[in-house]
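We name chains A, B, ... by the order of the sequence lines, and we start the count at 1 in each one.
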2 protein chains.
Amino acid sequence: MIDLSFAEENYLKAIYHLSSAGQNQVNTNAIAERLETKPASVSDMIRKLSEKGVISYVKYQGVNITEDGKKKALWVIRKHRLWEVFLVEKLNFHWDEVHDIAEQLEHIRSSLLISRLDEFLGYPKFDPHGDPIPDAEGIISSKPRMILSGLNVKSKVKLVSLKDTGNAFLNYLDRIGMKIGSRIRILDIIEFDGSVEIEIDNRKRLTISKRVADNLLVVAD
Amino acid sequence: MIDLSFAEENYLKAIYHLSSAGQNQVNTNAIAERLETKPASVSDMIRKLSEKGVISYVKYQGVNITEDGKKKALWVIRKHRLWEVFLVEKLNFHWDEVHDIAEQLEHIRSSLLISRLDEFLGYPKFDPHGDPIPDAEGIISSKPRMILSGLNVKSKVKLVSLKDTGNAFLNYLDRIGMKIGSRIRILDIIEFDGSVEIEIDNRKRLTISKRVADNLLVVAD
DNA sequence: GGCGATTTTTAGATTCGCCTAAATTGTCTT
DNA sequence: AAGACAATTTAGGCGAATCTAAAAATCGCC
Ligand SMILES: [Mn+2]
Ligand SMILES: [Mn+2]
Ligand SMILES: [Mn+2]
Ligand SMILES: [Mn+2]
């Protein structure tokens, strides 16, 4: 029951994200790319993680995360997202500045610290990017999220998360006055290029490109 | 100008504390004992730190911290103490619970984070144990501290820090209602065993042993 | 001033996390 | 079914941080 190292936690988190964002089977190369490391290093680490029982794998066949692995990954994700809330809500960081710091803070070991932080923040359910915060048992309870570009005209939704969280995209959203929590109504969908005419918060009307709509995650409102 | 590793930061901090709490010359064995490691490991690390210019040393002659090393050590100490304030003031930790968590948090790399935290905490000058918090330039501005047992009858002082921060001592102080910031007036000093009759916060009178008085650091009030 | 005890350094090994280069396995195409 | 090509693993090596055991230097005492 020894703690995972920082590196092991990062690998496990990457594997968790890859396996919940796609098929179950996670490839060596995908992990390497996500962690900006080399496939050979991933092979090494995969062996160690499977010896520790947090993933299972068959050589050349890719990786599956185990229940125990999922629990451990969700614990790191919980810490990451709570710290992001802290940075934005309490220390006035902008949502595009917090990720790198949270990448460090997520490895701090103290469950008491995290439960106190959770309490201090008022038990938030979502991080500043709209991603749900797992509870202490690793359970994520939140409405199913949809991609804006997949919806029909007249849908009324609320922005909860972003697929792209790069600065260019975040700056664009700032500029058009869209933020996590904004209400969006779909007025029309242009057949030609898939761009979407929307109304934000019952005030502002504008057209966004399909590319933008592809990166907005929303829930029914 | 590459960052020091966690291990290097811990060594440097230990060397800083040892050199400011005693003679300038810091011994290999003293460092090993403080960090609960072996002298052989210390010798190795000393070589690396001196190559990086944060300490200077001559083989077999002990170590001196350089100006650059002092600056870097004080930066880690600043972070440690600010996080301790955060844990006690905002997350309701008790002062005897915060050290181990701060040992982890002190290595988080972000000067913006620390300046925001400092602001959020209201620019505290002392940590929960009464130790002064260096400013962003590494300057410690605080009154000279004295040991209570070294003072004369009728002195009026304020408790700012503890030499012993073990649980037994902290519990005792709680029990007699003494805390950082308490005003202490010395009513009498018993010649026989050096115990001290005091008045706390103009209310409570009691006698403390010399052993206790030895561990109370105070400033003139 | 010399010698035993203590302190410090060196030598050699281990674990972790990473790398490059080479070998191996799997997949796809014809 | 056989290459060609891609994905993955293995082999071998490196730097960081640690350890034990042994050698070397310094200190302290007579
Ligand atoms: Mn993040
Ligand atoms: Mn986030
Ligand atoms: Mn501390
Ligand atoms: Mn402290």
Side-chain angles (χ1 to χ4, degrees), chain A residues 1-15 18-19 22-65 69 72-73 76 103-104 106-107 109, chain B residues 1-15 18-19 22-65 69 72-73 76 103-104 106-107 109:
Chain A
M1 294 302 144
I2 198 71
D3 277 324
L4 299 180
S5 69
F6 284 21
E8 287 169 333
E9 286 186 344
N10 285 333
Y11 272 94
L12 193 57
K13 194 159 59 100
I15 293 167
L18 289 168
S19 70
Q23 63 292 2
N24 262 20
Q25 208 80 341
V26 179
N27 302 319
T28 300
N29 276 357
I31 299 168
E33 193 176 349
R34 193 179 172 104
L35 293 176
E36 293 179 83
T37 182
K38 303 293 168 187
S41 309
V42 175
S43 282
D44 251 23
M45 184 57 95
I46 277 174
R47 194 181 29 74
K48 283 197 290 184
L49 290 177
S50 84
E51 277 165 14
K52 296 196 175 186
V54 293
I55 61 174
S56 65
Y57 88 116
V58 183
K59 269 183 200 169
Y60 295 98
Q61 306 279 132
V63 166
N64 280 90
I65 194 163
K72 290 190 162 70
V76 178
E103 281 296 313
Q104 300 179 60
E106 73 188 4
H107 302 293
R109 282 177 230 291
Chain B
M1 293 304 146
I2 197 70
D3 278 323
L4 299 180
S5 69
F6 285 20
E8 288 170 333
E9 285 187 345
N10 285 333
Y11 273 94
L12 193 56
K13 194 159 58 100
I15 292 167
L18 288 167
S19 70
Q23 63 291 3
N24 262 20
Q25 208 79 342
V26 179
N27 302 320
T28 300
N29 276 357
I31 299 169
E33 192 177 350
R34 192 177 172 105
L35 293 176
E36 294 178 82
T37 182
K38 304 293 169 187
S41 309
V42 175
S43 282
D44 250 25
M45 184 58 95
I46 276 174
R47 193 181 31 72
K48 283 196 291 183
L49 290 177
S50 81
E51 277 164 14
K52 296 197 174 186
V54 294
I55 62 174
S56 64
Y57 88 117
V58 183
K59 269 184 198 169
Y60 294 100
Q61 305 280 131
V63 166
N64 280 90
I65 194 162
K72 289 190 162 70
V76 179
E103 281 296 312
Q104 300 179 61
E106 74 188 2
H107 301 293
R109 281 178 231 292

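If you measure from atom CZ of A:Arg47 to atom P of C:dT15, you get 12 Å, rounded to the nearest angstrom. The distance from atom CE of B:Met45 to atom P of D:dC19 is 11 Å, rounded to the nearest whole Å. Atoms CG (A:Asn10) and P (C:dC18) sit 9 Å apart, rounded to a whole Å. For the pair A:Ile46 CD1 and D:dA7 P, the interatomic distance rounds to 15 Å; values are reported in whole Å. Spacing between atom NZ of A:Lys52 and atom P of C:dT15 amounts to 13 Å, rounded to whole angstrom units. Atom pair A:Ile55:CD1 and D:dT8:P shows a separation of 13 Å (rounding to whole Å applied). Nucleotide D:dA17 holds its P atom 11 Å from the CD atom of B:Glu9, rounded to whole Å. Distance, B:Glu8 CD to D:dT18 C1': 14 Å, rounded to whole Å.
In this structure, B:Ala7 reaches the sugar-phosphate backbone alone: every heavy-atom distance under 4.0 Å involves primed, P, OP1 or OP2 atoms, never a base. A:Tyr57 comes within contact range of the sugar-phosphate backbone alone, with a heavy-atom separation under 4.0 Å but no base atom that close. Among the heavy atoms of the strands, none lies under 4.0 Å from A:Phe6.
A perpendicular orientation is assigned to the rings of A:Phe6 and B:Phe6, their planes being inclined by more than 60° (bins at 30° and 60°).
At a threshold of 4.0 Å, the pair A:Glu51-A:Arg47 counts as salt-bridged, since one of the basic side-chain nitrogens sits closer than that to a carboxylate oxygen. Under a 4.0 Å N-O distance rule, the pair B:Lys72/B:Glu8 does not qualify as a salt bridge.
Two residues are said to be in side-chain contact when any heavy atoms from C-beta on lie closer than 4.5 Å; B:Leu12 and B:Leu4 meet this criterion.
In this structure, A:Lys52 places its NZ atom where more than 12 heavy-atom neighbours from other residues, nucleotides or ligands lie under 6.0 Å away. Other residues, nucleotides and ligands contribute more than 12 heavy atoms inside 6.0 Å of the CD atom of B:Glu103.
Paired with A:Ile15 under the rule side-chain contact (heavy atoms from CB on, under 4.5 Å), one option of A:Ile31, A:Leu35, A:Val54 passes, and it is A:Ile31.
Contact check, A:Tyr11 against C:dC18: a side-chain N or O comes under 4.0 Å of OP1 or OP2. Proximity of A:Thr37 to the phosphate of C:dC19: a side-chain N or O atom is located under 4.0 Å from OP1 or OP2. In terms of phosphate contacts, A:Lys38 brings no side-chain nitrogen or oxygen within less than 4.0 Å of OP1 or OP2 of C:dA21.
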Provide a list of protein-nucleic acid N or O atom pairs under 3.5 angstrom, restricted to nucleotides 6-8 of chain C.
residue : atom : partner : partner atom : Å
C:dT8   : OP2  : B:Asn29 : N            : 2.9
C:dT8   : OP2  : B:Asn29 : OD1          : 3.4

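In terms of polar N and O atoms assigned as donor or acceptor, the side chain of A:Asp44 comes within less than 3.5 Å of the base of C:dC18 in a complementary pairing.
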